[in-house]
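Let me begin by presenting the structure, written as structure tokens, before commenting on it.
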Amino acid sequence: MYEESMKFEKEMKLIWKGTEEIITEEELIKKFLKAEDKNKPLRIKYGIDPTGYDVHIGHLVPIRKMRDFQDLGHTGVIIIGDFTAQIGDPSGKDETRPHLTAEQVKNNSEKYMDQLYTVLDKDKTEVRWQTEWFGNMTMADVLELMGKFTLAQFMAHETFRSRYEKGLPLGMHEMMYPILQSYDSVAIEADVELGATEQKFNILAGRDMQRFFGLPEQVAVLSPILMGTDGKEKMSKSLNNYIAVFDTPKDKYGKTMSIPDDLIVNYLTYATSSFSDSEIKNYEKTLNSGSINPKLIKEKLAWEIVRTYDGEKYANLAQAEFNKIFAKKEIPDEMPEFKLKTTKMGITELLVSAGICTSNGEVKRLIKQNAVSIDDKKIDDIFFEVDKGSVIKVGKRRFLKVLK
RNA sequence: GGAGGGGUUCCCGAGCGGUCAAAGGGAACAGACUGUAAAUCUGUCGGCGGACGCCUUCGGAGGUUCAAAUCCUCCCCACUCCA
């Protein structure tokens, strides 16, 4: 074994980068060896939940790992969880999911994949739907799958146990989530399953399920959970602390700049693959020594994050824009535009119909709070009338260009 | 099947016939401060009207009352204990 591990040292180093846990490392090396012997790429599984399509960079931590595997010549297999989507992953805090139509699921999946392909190698990616294997199952089949696990095993799982103990609702069908997910590994004969550490239970269940079906067990490669931009909770859509793939370069940059300082190293390590271990160590040292304004390192980080998803050009633009607005407090180059409907419009009506504010009341409040300025002049009159082209600034970051 | 407490504004959570658009906290937004932040302080935080006012809201539908988030009836939802 020693020889083999030396042989795949480089590969293992790559896989370990930004990875929290591998279960088990030894098995992974064996799989690499076998793949090479038989000249057959490994099948690297990752399941997505098509209940929505907004992908944030926390989701992409394991996806970037899939890309690493692809770069080593292996095949990424994305499972569209069209059955599990009907359950909702109990690992999250989500409650009962609304039932989606087949069309919505299809639509979501396509959009989801578009975002994953910003990272993945399309030629080495296989997309599979759970319907392929669950669509024709009979009750007998389902009972057989359920019989492989016991209630005690499930109650040992933190999320089931804590919800049960807290007296929160726990649907029987939610127990099916790990069962379905684990059977996916059987159906596609996964060699490796990727996921965040919170997926450990589900992914390990996949090993059990494969064993029951006489298949070799998959290796779990677990990524850390990326912290949200608030630095308090994990990145998640519902907490509104995420950086989305579809965010504009400007937003990605700005959101990154807004992370707390003590999250910088974490993001350097996990939010992008751009920094080498030694670079990260260096930055960490400088940060701890206090010899540098953390902002400077954050700028590099933000730039890299934009570059990763939108390219260098947009990274530069986003950076310039950010400096302009926040550092120099100038107005941005691009902003929403609004054409005056009549020769003059009251400021409240204008901002509400341009979608900058949600109600007249909000506009009035903001004006009273001294937050609205037109062409750089604060206004204090809630009946101010706008009758010419101008730039309106609301708060720090809302801008509107008024066209005549 | 039996017994019992619950469902309140974005979230948590008080209120239990008028003084309730509804305490308090969180989130969010704005202002000050700043190194982008964070922290801190101040303010705002259902909608419409320039303040007094009006409208919509307290799981749903009805009802009692001059007056209901608060009382009654039925329904829905999740939970606890017993079987």
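Atom set for the values below is all heavy atoms of this structure, side chains included, hydrogens, waters and symmetry mates excluded. Per chain, numbering begins at 1; letters A, B, ... match sequence-line order.
Of the residues in residues 256-266 of chain A, those placing a heavy atom less than 4.0 Å from an atom of RNA chain B are A/Met257, A/Ser258, A/Ile259, A/Asp261, in numerical order.
Atom pair A/Glu174:CD and B/rA78:P shows a separation of 12 Å (rounding to whole Å applied). In this structure, A/Tyr267 places its OH atom 13 Å from C1' of B/rA37, rounding to the nearest Å. The NZ-P distance, from A/Lys368 to B/rG43, rounds to 16 Å in whole Å. To the nearest angstrom, C1' of B/rU36 lies 15 Å from NZ of A/Lys300. The NZ-P distance, from A/Lys396 to B/rG35, rounds to 14 Å in whole Å. Distance A/Arg365 CZ to B/rU44 P: 10 Å, rounded to the nearest Å. In this structure, A/Arg397 places its CZ atom 7 Å from P of B/rA30, rounding to the nearest Å.
Between the side chain of A/Gln369 and the base of B/rG31, no donor-acceptor pair under 3.5 Å is found.
Remark: the backbone N or O of A/Ala244 is paired with a side-chain donor or acceptor of A/Asp247 at under 3.5 angstrom.
No side-chain N or O of A/Glu349 forms a donor-acceptor pair with one of A/Ser353 less than 3.5 Å apart. Side-chain contact annotation: A/Gln210 with A/Glu217, donor-acceptor N/O pair under 3.5 Å absent.
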